[in-house]
Protein chains: 2
Amino acid sequence: MYQTFLNLEVEKQHKIINSALKEFSINNYDTASTNKIIKDAKISKGILYHYFGSKKNLYLYLYEYVTTIFIDAINSRLDFEEPDIFKRYEQIMKIKLELIKQYHTLFDFLKKTYIETSLEVRSELDQSNLTLQNSSYESVFAGIDYDLFHKNIDSKKAIDTIRWVTDGISHRYEEQLKSNIDNSEAFNQLLEQCMEEANDYFQFLKQLVYKNTKR
Amino acid sequence: MYQTFLNLEVEKQHKIINSALKEFSINNYDTASTNKIIKDAKISKGILYHYFGSKKNLYLYLYEYVTTIFIDAINSRLDFEEPDIFKRYEQIMKIKLELIKQYHTLFDFLKKTYIETSLEVRSELDQSNLTLQNSSYESVFAGIDYDLFHKNIDSKKAIDTIRWVTDGISHRYEEQLKSNIDNSEAFNQLLEQCMEEANDYFQFLKQLVYKNTKR
DNA sequence: CTTAAATTGACCACATTGGTCAACTCATAT
DNA sequence: ATATGAGTTGACCAATGTGGTCAATTTAAG
């Protein structure tokens with residue numbers, strides 16, 4: 001299945017995938033329009049259905065594709081030996097932001113799949129959702145050294161705080177990053193700026209919650 | 001204008017407003033359906049257009065209405081004398097969550113108006129957006145006492161952190177709160193639980209960034 | 001009983017939907 | 001050169017939904 005599609009040049013595949021991700025990120029499954037997708041990807045109606053057979057198949061293909069991309073990126077680039085949770089979060093942040101460079105709306109799409117209610121795809125999503133969930137929070141944060149925290153620090157609260165700060169900084173830069181996907185230089189500069197700011201905040205938090213750091 | 005609508009019993013007004021807010025929160029302006037609104041609000045097509053004249057007028061009425069509700073709630077319930085930023089945020093959080101009780105999708109709707117791109121309403125939104133922006137961050141956080149922070153604390157970073165933690169906790173409870181709007185008892189219990197949790201985190205942060213608090 | 005406002009919902013012309021398919025292009029093999 | 005078959009096109013389809021209208025009906029008040 002999808003063989004014809006997979007025989008295309010990778011660039012063309014990416015173009016179609018990104019157009020579809022975009023449409024399904026803005027709209028929910030039912031209101032997303034295949035016509036918009038083909039218009040944006042500059043392909044014909046017929047060929048889209050030749051590639052994917054149906055709207056539903058296209059959607060499920062995207063979900064599997066994007067899930068795989070995300071998991072692979074984490075598995076291949078995350079240092080699972082790193083005991084410092086700040087450095088772990090720094091890595092995750094960088095991996096995510098660099099995925100946006102190639103797949104602008106990957107995480108918007110994933111967010112949408114969580115809340116998708118259309119009966120046409122809901123059960124299929126539930127089935128494979130497990131894959132993503134199992135592989136994420138359990139393993140991604142295994143081996144963190146909680147002894148790095150000051151002894152009378154509530155580490156659960158500290159970790160939540162770190163996550164929320166990370167998300168806050170990401171969101172602050174996301175829009176700018178997205179509007180600079182075509183300008184690789186500007187994108188990388190923004191990314192670096194974002195990572196620097198994250199580091200500033202991480203230093204700030206480390207001073208507060210880690211031991212062996214002076215005030 | 002809207003006089004016929006304003007002559008309705010307040011309950012019926014609320015029902016229509018909430019149905020419309022809901023539809024415009026889920027969909028963008030163009031894809032939001034007046035048919036869905038009248039179905040949900042259990043009124044006829046004709047009367048909606050008798051009340052508001054057009055889809056555009058309805059949308060702009062909602063925007064003004066919701067903006068006013070929000071600003072009024074802040075102005076009447078926020079203690080502008082309170083110098084402790086944690087208590088300020090606690091108040092804001094409570095005001096927001098209690099507004100959700102009456103207008104389930106108020107903030108989803110507001111969020112959507114920020115990113116609305118339809119040419120039909122964009123310019124009008126821009127014009128009145130100023131109202132909301134001016135009245136918010138400038139005045140809402142005026143008079144905060146920054147001397148409460150430990151002297152070698154970067155107060156900007158601390159404030160950002162507090163805001164992100166507040167948002168994180170709100171989001172953690174928002175979905176549950178929304179699914180309990182009809183059960184006033186459960187709603188209030190959840191709200192209290194949320195405020196308690198926020199307080200826990202605020203205590204946690206206070207210990208870290210305020211002076212005169214022991215570790 | 002009259003009158004006028006409130007309300008209904010069938011109806012309009014039009015746009016868009018997911019999907020089909022006959023026709024066409026074009027690279028490759030013989 | 002020619003034949004073959006996969007790749008590709010876009011006009012077309014029935015179905016559904018759109019914002020908006022309006023003649024007809026209900027309701028309330030004098």
Side-chain angles (χ1 to χ4, degrees), chain A residues 1-17 19-63 116-122 124, chain B residues 1-17 19-63 116-122 124:
Chain A
M1 222 206 265
Y2 311 125
Q3 199 50 58
T4 340
F5 176 71
L6 294 169
N7 287 339
L8 292 175
E9 308 156 39
V10 185
E11 273 186 35
K12 201 171 180 184
Q13 289 184 39
H14 275 197
K15 193 170 181 184
I16 295 168
I17 285 170
S19 296
L21 284 179
K22 186 166 138 196
E23 179 65 9
F24 283 119
S25 299
I26 299 169
N27 307 102
N28 57 38
Y29 177 79
D30 285 325
T31 59
S33 158
T34 53
N35 290 319
K36 296 251 182 69
I37 294 170
I38 62 158
K39 206 170 158 188
D40 191 77
K42 277 160 192 157
I43 57 170
S44 73
K45 192 70 171 284
I47 203 64
L48 183 76
Y49 279 84
H50 182 52
Y51 291 153
F52 298 102
S54 69
K55 186 185 183 182
K56 182 176 172 177
N57 271 346
L58 167 61
Y59 183 83
L60 294 175
Y61 175 85
L62 285 177
Y63 182 69
E116 180 58 57
T117 57
S118 173
L119 298 173
E120 193 118 11
V121 293
R122 186 62 260 172
E124 278 89 345
Chain B
M1 221 205 266
Y2 311 125
Q3 199 50 58
T4 338
F5 175 70
L6 293 170
N7 287 340
L8 293 174
E9 308 157 37
V10 184
E11 275 186 33
K12 200 171 180 184
Q13 288 184 38
H14 275 196
K15 193 171 180 183
I16 295 169
I17 284 170
S19 296
L21 284 178
K22 186 167 139 195
E23 179 65 10
F24 283 117
S25 299
I26 299 169
N27 307 100
N28 57 36
Y29 177 80
D30 285 325
T31 60
S33 158
T34 53
N35 291 319
K36 296 251 182 71
I37 293 170
I38 61 158
K39 207 170 157 187
D40 190 77
K42 280 161 190 154
I43 56 170
S44 73
K45 192 70 170 287
I47 203 63
L48 184 77
Y49 279 84
H50 182 51
Y51 291 152
F52 298 102
S54 70
K55 186 185 183 182
K56 182 176 171 179
N57 271 346
L58 166 61
Y59 183 83
L60 294 176
Y61 175 84
L62 285 177
Y63 182 69
E116 179 59 58
T117 57
S118 172
L119 299 174
E120 194 118 10
V121 293
R122 186 63 260 171
E124 277 90 345

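Basis for what follows: all heavy atoms, side chains included, without hydrogens, waters or symmetry-related copies. Residue numbering restarts at 1 for every chain, and letters A, B, ... go by the order of the sequence lines.
One atom, NE2 of B:H50, and another, P of C:dG9, lie 16 Å apart when rounded to the nearest Å. In this structure, the CD atom of B:Q3 is 14 Å from the P atom of C:dA5, given to the nearest Å. Whole-Å rounding puts the A:L48 CG to C:dG18 P distance at 10 Å. For B:F5 and C:dA5, the CZ to C1' distance is 18 Å, given to the nearest whole Å.
Residue B:Y49 has no polar side-chain atom (N or O) positioned under 4.0 Å from OP1 or OP2 of C:dT7.
Ring-centre distance between B:F5 and B:Y61: below the 6.0 Å cut-off.
Take A:Y49 and apply the ring-ring contact (aromatic ring centres under 6.0 Å, His included) test, not counting sequence neighbours, and it matches no residue.
Ring pair B:F24/B:Y29 is parallel by interplanar angle, where below 30° counts as parallel and above 60° as perpendicular.
At most 12 non-hydrogen atoms from other residues, nucleotides or ligands lie less than 6.0 angstrom from NZ of B:K22.
Two residues, A:N7 and B:I47, neighbour DNA chain D, and the one matched to the more 5' nucleotide by heavy-atom proximity is A:N7.
Listed by residue number, A:S44, A:K45 are the residues of residues 20-45 of chain A with a heavy-atom contact under 4.0 Å to DNA chain D.
For the atom pair CG of B:N28 and OG1 of A:T31, the computed distance is 8.0 Å after rounding to the nearest 0.5 Å. Here the straight-line distance linking atom CG of B:N7 with atom CD of B:Q13 works out to 8.5 Å at 0.5 Å rounding.
The side-chain heavy atoms of A:I43 and A:K15, taken from C-beta on, include no pair separated by under 4.5 Å. A:E124 has its side chain within reach of A:K56: a pair of non-hydrogen atoms, C-beta onward, lies under 4.5 Å apart.
Close approach of DNA chain D to chain B, defined as any atom under 4.0 Å from a non-hydrogen atom of the protein, starts and stops at D:dT18 to D:dC22.
Within 4.0 Å of B:Y51, counting heavy atoms only, lie sugar-phosphate atoms of the nucleic acid but no base atom.
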